[in-house]
Amino acid sequence: MSFSGKNVLVTGAAGGVGTVVVERFRAQGARVVVADRDVSGIEAEAHLPGDLLDQAYTDGLATAARDALGGLDILVNNAGVITRGPVTDASDADWSLSMGVNVEAPFRLCRAAIPLMAADGGGAVVNVSSCWGGKAPGPNHALYTMTKAALASLTQCMGMDHAPQGVRVNAVCPNEVNTPMLRSGFAQRGFDPDTAVAELGATVPLGRIAEPGDIADVVLFLASDSARYMCGALVEVNGGKAVA
Ligand code: NAD
């Protein structure tokens, strides 16, 4: 897969999956704009730090990326937050945070980026949803799962609506990935993250949970010309472990 000459915007670029997505796009020749709250120390062609809950920042991000690189071909909506527990434990702040980062930000970014891509001959959007919500209910994470279902539905709708403009919109739906998001959850609940990751890996038919590169490679595939006939797809990446 060559991304030579392609201009890419990646959100959540400082996170577990985002870091590897950025590295792999750049390794394949892409020029990458990194977006996250803190992007210092990340090697990239342009840095646009900010908070995706800030509507003005998020509304302006696609245009700022286009201006920084001279074009925008690929958008990866990777940033995400996880709120744990059932609905009865969820606060108003949990609701606003989950909806703001996981649903509203991708909506605002797609709304701004798709016309730019269409005007320039087309492009690709890859959303990072989850098996939880994107494919099936997830236990004890009601708000998180709901937001990932919303993102999956947006992906399917946008995949249909914007294919005629040459903009392909697809999503990757990972099961558990060995990143700070997962490990911090174990630590908060008093488990040793390494032990917990190993035990969780034993429940996966492939024998381990995903590493960020396992997800990044599918993101790159969906963004590439190899996926040229895919629009609105929800691609499960689960090592054989379906969400029951
Ligand atoms: P991570 O926590 O390592 O990275 C998430 C990144 O999003 C962080 O760098 C964070 O700073 C950024 N972010 C969060 N809120 C933001 C805000 N308001 N403004 C700007 N940036 C913000 O998590 P990860 O595991 O790498 O997650 C990447 C994506 O994969 C997420 O969408 C997540 O929901 C999804 N996912 C993760 C798993 C998993 O098990 N780790 C499973 C399925 C899906």
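Only heavy atoms go into these numbers, but all of them, side chains included; no hydrogens, no water, no symmetry mates. We count ligands from 1, going down the list as the structure has it; atoms in each ligand are counted the same way. Computed from a predicted structure; not experimentally measured.
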Got the residues with a heavy atom under 4.0 Å of ligand 1, by chain and number? Gly12, Ala14, Gly15, Gly16, Val17, Asp36, Arg37, Gly50, Asp51, Leu52, Leu53, Asn78, Ala79, Gly80, Val81, Val101, Val128, Ser129, Ser130, Tyr144, Lys148, Pro174, Asn175, Glu176, Val177, Thr179, Pro180, Met181, Leu182
Between Arg108 and Ala105, is there a donor-acceptor pair closer than 3.5 Å when you use the side chain of the first and the backbone of the second? no
Checking His141 now: which residues fulfil ring-ring contact (aromatic ring centres under 6.0 Å, His included) with it, not counting sequence neighbours? Trp132
Should the heavy atoms of other residues, nucleotides or ligands under 6.0 Å from NZ of Lys135 be counted, would the total exceed 12? yes
Quick test of your reading: applying ring-ring contact (aromatic ring centres under 6.0 Å, His included), list the pairs with at least one residue in residues 6-30, sequence neighbours left out, ordered by first then second residue. Phe3-Phe25
Once side chain to side chain donor-acceptor pair (under 3.5 Å) is applied, do any residues pair with Glu236, and if so which ones, sequence neighbours excluded? Asn238
Neighbour count above 12 (heavy atom, 6.0 Å) for Asn140 CG: yes
